[in-house]
There are 2 protein chains.
Amino acid sequence: MVDRRSGVPAFRQVASDLREKITAGEYAPGEQLPSERELVDSYGVSRPTVREAVNMLRAEGLVTSEHGRGVFVRPPASIQRMSRARLSREARERNRGAFLADAAARGFTPSTSVKIRFEQADQRAAAHLAIDEGTEITVRDRVMRADGLVVQLAVSRLPRELTRGTAIEEVDTGAGGAYARLEESGHRLGSFVEHVGARMPTPDEATQLQLAEGVPVITVTRVAYTEDGTPVEMNDMVLAADRYELSYEWPAD
Amino acid sequence: MVDRRSGVPAFRQVASDLREKITAGEYAPGEQLPSERELVDSYGVSRPTVREAVNMLRAEGLVTSEHGRGVFVRPPASIQRMSRARLSREARERNRGAFLADAAARGFTPSTSVKIRFEQADQRAAAHLAIDEGTEITVRDRVMRADGLVVQLAVSRLPRELTRGTAIEEVDTGAGGAYARLEESGHRLGSFVEHVGARMPTPDEATQLQLAEGVPVITVTRVAYTEDGTPVEMNDMVLAADRYELSYEWPAD
DNA sequence: GAGTGGTCTAGACCACCTT
DNA sequence: AGGTGGTCTAGACCACTCC
């Protein structure tokens with residue numbers, strides 16, 4: 001029952017109460033909550049009020065609702081770690097690319113689909129690649145799957161000048177991936193920079209990544225530089241935050 | 001006006017339409033949307049339906065609503081970049097700690113409040129610090145502000161054994177921060193590892209960080225190791241995802 | 001005081017899942 | 001068939017902001 005005189009909105013009281021019961025383990029992961037109609041009775045509020053409370057918990061990522069079945073406490077997803085070691089030259093020598101290397105190491109059946117197109121660099125691409133706006137660039141738009149499930153979206157951009165005549169403009173970039181092709185054509189890589197952020201997904205991303213409500217995405221923009229400091233590739237990645245964790249390691253000095 | 005025969009729920013049609021107008025710039029950042037009652041008329045739906053549409057956009061972080069004023073397109077927040085260089089030994093020599101160094105470099109007036117307590121290591125802390133569960137640890141619970149606004153929460157844990165008799169058990173750890181004190185007592189740091197993830201904030205975090213709805217938090221767990229590979233500190237940080245971006249750089253080999 | 005968003009009700013009907 | 005969540009209505013009153 002909610003306290004009508006407290007000044008706290010009824011749906012917040014219901015949400016808080018359910019949240020406490022979930023975090024206390026009273027409703028265990030995977031377990032079903034009482035039905036909305038039952039909650040209506042037990043808290044003495046209308047159904048829209050109960051639904052607003054449940055909506056809050058869904059937006060927080062605490063529960064998921066399944067049409068015709070019920071509302072369930074969301075069990076924590078198993079988290080994949082991605083470490084920077086996946087980009088070592090050594091790893092490239094044995095594999096097709098970073099993602100396939102990663103998946104193979106974990107027993108997934110990986111698959112990717114790639115669309116290649118050519119564009120003029122927009123302001124952001126121009127800034128990261130240190131080229132003029134409007135310069136022709138090669139864009140590789142990839143969807144990566146593990147056991148059929150989409151796990152990562154990635155858009156890679158390179159100055160067209162560097163990719164002409166290489167397998168980077170093909171669907172299959174060959175052993176070692178695009179980075180190996182760049183090095184073969186004389187652009188030996190010197191360093192990587194990754195910019196990591198997070199935000200809520202667009203509806204489109206939510207569909208593609210099959211995200212539950214209340215699950216943000218991690219965005220990673222990686223820029224690859226040659227040994228002389230010239231940027232040669234930028235790669236925008238989008239990952240489901242409930243399935244990925246990124247790890248970085250560096251010496252203290 | 002919504003299409004009743006399309007099978008697409010009315011509130012989704014309204015949300016999609018508004019979303020398009022926002023991303024197309026028809027409603028510019030900071031600009032006010034039509035009032036809910038106006039939207040009721042223009043789309044021919046009831047007010048709860050309009051509100052559900054607006055709720056969607058709010059959960060996506062596209063708009064904020066202000067009681068008594070209106071609904072506004074959320075302007076992008078200015079993003080602070082945090083790079084791993086902030087942890088260099090050289091930077092420590094000139095400053096009190098990583099956060100103060102960061103803020104000072106940017107013209108903020110930084111302030112922190114610290115609560116120190118002693119606990120027994122839980123399973124997670126024990127795993128990261130390579131100690132037995134139940135071992136006594138020192139916990140430094142910090143709230144960091146820039147110009148009075150909370151921007152970061154951080155909980156640092158170290159084996160008590162390493163902090164006894166040092167300024168790490170004081171509110172003010174002194175010049176160079178806790179890492180400098182560790183090095184002074186003979187625990188020269190060898191490397192750092194950061195694990196980066198994202199999730200929706202707890203209501204508590206949302207309040208403390210003054211997060212708008214639809215803004216996730218970035219979580220960073222940093223573990224500091226000595227030169228012989230012994231973990232000496234773990235630091236759990238929580239940052240507002242609309243205000244921070246993390247940068248990591250490493251050589252190609 | 002007029003306009004705004006915030007909360008809440010008491011229903012109704014639909015779509016989906018299970019038995 | 002019966003239970004579940006999903007959608008929607010037509011109101012009502014409140015709290016806040018601005019003029």
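Heavy atoms only: backbone and side chains are in, while hydrogens, waters and symmetry mates are out. The model shown is predicted, which means the values in this text are computed figures rather than measured ones. By convention in this document, chain letters (A, B, ...) are assigned in the order of the sequence lines, proteins followed by strands, and residues within each chain are numbered from 1.
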Counting any heavy atom closer than 4.0 Å, what does B:Val71 reach on the DNA or RNA strands: base, sugar-phosphate only, or nothing? sugar-phosphate
Side-chain donor-acceptor pair under 3.5 Å between B:Ser113 and B:Arg145, yes or no? yes
Do the side chains of A:Glu60 and A:Arg19 get close enough for a salt bridge, i.e. N-O under 4.0 angstrom? yes
Residue pair B:Glu233 / B:Ser156, side-chain donor-acceptor N/O under 3.5 Å: yes
Considering just the side-chain nitrogens and oxygens of A:Ser65, establish if one lies under 4.0 Å of OP1 or OP2 belonging to D:dT4. no
Between the side chains of B:Tyr248 and B:Glu194, does any donor sit under 3.5 Å from an acceptor? yes
May I ask you to list the residues of residues 1-19 of chain B, by number, that have any heavy atom positioned under 4.0 Å from an atom of DNA chain C? none
Rounded off to whole Å, could you give me the CD-to-C1' distance for the A:Gln32 and D:dT4 pair? 8 Å
Indicate the ring-plane relationship of A:His128 and A:His195, choosing parallel, tilted or perpendicular according to the 30° and 60° boundaries. tilted
Using only heavy-atom distances, determine whether the side chains of B:Gln13 and B:Ser6 contain a donor-acceptor pair under 3.5 Å. yes
For C:dA15, does OP1 or OP2 lie under 4.0 Å from any side-chain N or O of A:Arg69? no
Kindly say if B:Arg51 contacts the phosphate of C:dG5, meaning a side-chain N or O under 4.0 Å from OP1 or OP2. no
Looking at residues 36-49 of chain B, who's got a heavy atom less than 4.0 Å off DNA chain C? B:Glu36, B:Arg37, B:Arg47
Any luck finding a side-chain donor-acceptor pair between B:Arg124 and B:Thr221 under 3.5 Å? yes
Hey, are A:Lys21 and A:Asp17 close enough for a salt bridge, meaning a charged N less than 4.0 Å from a carboxylate O? yes
What integer distance in Å separates B:His67:NE2 from C:dG5:P? 9 Å
Round to a whole Å and report the spacing from CG of A:Leu33 to C1' of D:dT4. 13 Å
Quick one: does any side-chain atom of A:Arg58 pair with a main-chain N or O of A:Glu213 as donor and acceptor, under 3.5 Å? no
Minimum-distance nucleotide to B:Glu52 side chain [options: D:dT17, D:dT7, D:dG5]: D:dT7
